[in-house]
Amino acid sequence: MCGIVGFIGGEQAAPVLLDGLRRLEYRGYDSAGLAVFGEQQGLQLVKAKGRLAVLSDLVDGGAKLEGTVGVGHTRWATHGEPSDANSHPHLSNSGRIAVVHNGIIENYMEIKEYLQSQGVVFHSDTDTEVVAQLLDYYYQGDLVEATFKVLHRIEGSYALGILCSDHPGQLIAARKDSPLVLGYGEGCNFLASDVTALIKYTKTVSYMEDGELAILTRDGIQVYDALLQPVEKERSTVDWDIADAEKGGYEHFMFKEIMEQPEAVRKAIAPHIQNGQVVLDGLGLDADFLQSLSRLYIVACGSSYHVGVVGKYQLEQLLRKPVEVVLASEFRYSNPLVDENSLVIVISQSGETLDTMAALREARRLGAKTLAIVNVVGSSIAKEADYVLYTWAGPEIAVATTKAYSTQLAVLMLFGIWTARLLGRLTPEREAELLGEMLRIPDKIAEILRHTEEIQYYASLYFNHESIFFMGRNLDYAMGLEGSLKLKEISYIHSEAYAAGELKHGTISLIEDGTLVVALASYAPLFDKDVSNVVEVKSRGARVLGLTTRSRAEEMAKHADSLIVIPDTDLMFLPSLAIVPLQLFAYYVALMRGCDIDKPRNLAKSVTVE
Ligand code: F6R
């Protein structure tokens, strides 16, 4: 995925665009570019492979580009390698029209071949360039008309920003399956992939819907539907601040976001807990439907999928109904056994992960009801699901998720407890007890975060290992999956998570002198079995970093070489605590290995390709 931004107003556009791109860099960071129109210099295009800093240096922080209207882009390559030529904006051959794009034009090859047969020469390997060249092809003085024709000709997903030197008083935006936000300023207006890019300038926004086209001028924004009929957009006010999208004194966004978890989890749960009961007013699901369910599915990707793995253990205990947890990329092609008696819960921080979106559509097509647990308000997944629960984690900028993961866990648990009551599976006393403990979780996370130096020390012992295993049973296994993903994605250490009982069915042959095993042993009912597994791997030469609760620390300390201790809690909430030291461990290991923590190689914050 990529980040796009557009500005039209009275001040110099390039510094504003660069500032917006800086905040969108988490969406992609292999190249970046700007197109700005100035009265003196006309349409100026600058693009460069590499981080945004390279582009910024080229244009002296924007000072070199004259003009008050422009578009910018930060790229995560899909079609064509990262290079200057493949960077956006793409310019049409007439030199008149510049285009930035997020998404994928699926029929670009066919259009490209057609245009080539008409003599159009292409200068990049991207799918996006066809939009610029096709605009030129259709353009006869009316940019909106040409855009309208292009939108009918292209297939796939897009958020587009279009600037034409014949019409410097306007910017055009269009959206299908890729997020696009419009920002309303005073004497200026904005478009962006994400509100973080424009929050410094305005908090009044509206979210474009699929099929909409917008014309931005200095004085206003007019939106049209797919038939070019004017649409009155609802405006909303963003309820978080620029400080939330800045590092606030921390060296990395990831560390800041780890530290924000107590507050984020509190914000996610507190409004839904009243008088010892979960309140999900306005969700719209009713007891009869929940009662009729034969099965629940949790469908997601990456860390959000790992939340689902935790959720399977928890929800099956609470509801005594089968819960299938499926990777979204597998679900969509597996002819799933989903029908009108299924509830499909999709989990997505960004709300724009393509596989999750496709799985959601497939579930709806098969007649299931869908519930989305999403962080980004107004995102595609939130819009298309039948029911939505927001996680309210605020902007998450680091590519590796931390606070969004923790709030997803919390919201899924809220949903589980609420449903269990409606199904008559939870006594009021047990519900009040669970929720009492849930409200203490933010403080317990804060307690763990007061001892970061201990985790830092363990990271210093183990950061030079090249292969690390995580093992645990039940919820500890689910935690291991996420702990392992955190570590590998930012530190580039090979790591695998195993259900501890499974290790001896093959993987134990990889354990040799000095191999690091992170042994998760917080789930009390299986603690003795965890200890046996620790003994097993130690007798093969492993070094063991253990993790357990305070009440079992003494016993675990007899077996592990190093030990992380978390506060005691109800079994249901162990994952909310256990994940925090694992996030910190991954962070410090990556720091000690000199990795680019917020922007790990080859990754982007949300994945809008298959
Ligand atoms: C890992 C990470 C990814 C995402 C995955 C799904 O730290 O962030 O694994 O969890 O790409 O993204 P969303 O939740 O936006 O659908």
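Start at 1 and go down the list; that is how both ligands and their atoms are numbered. Only this structure's heavy atoms are used, side chains among them; waters, hydrogens and symmetry mates stay out. FYI, the numbering just counts along the sequence from 1.
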(message) Evaluate S304 for polar contact with ligand 1, using N/O atom pairs at a separation under 3.5 Å.
(response) yes
(request) Please work out whether any backbone atom (N, CA, C, O) or any side-chain heavy atom from C-beta onward of E489 is under 4.0 Å from ligand 1, and answer side chain, backbone, both or neither. (result) side chain
(message) Strictly distance-based, threshold 3.5 Å: is any side-chain N or O of S303 a donor or acceptor partner for the main-chain N or O of Y405?
(response) no
(request) Decide whether the shortest distance between a heavy atom of V399 and an atom of ligand 1 is less than 4.0 Å. (result) yes
(message) With heavy-atom distances below 4.5 Å as the criterion, would you say the side chains of E384 and M357 are in contact?
(response) yes
(message) I need the atoms of ligand 1 closer than 4.0 Å to a non-hydrogen atom of S348, numbered in the order shown.
(response) 13 (P), 14 (O), 15 (O), 16 (O)
(request) Return yes if some donor-acceptor pair links the side-chain N/O of S342 with the main-chain N/O of A368 below 3.5 Å, else return no. (result) no
(request) Just go through V376, L485, L603, T401 and tell me whose heavy atom is the nearest to atom 8 (O) of ligand 1. (result) T401
(request) From atom 6 (C) of ligand 1, work out which of C301, A300, A398 has a heavy atom at the shortest distance. (result) C301
(message) Here's one to test your reading of the geometry: is the NZ or CZ of R473 within 45 degrees of the ring axis of Y523 and under 6.0 Å from its centre?
(response) no
(request) Please check if the distance between the ring centroids of F190 and Y201 is under 6.0 Å. (result) yes
(message) I'd like to check which ligand 1 atoms, numbered from 1 as shown, lie under 4.0 Å from a non-hydrogen atom of K486.
(response) 1 (C), 7 (O)
(request) Would you please indicate if the ring centroids of Y462 and H465 are separated by under 6.0 Å? (result) yes
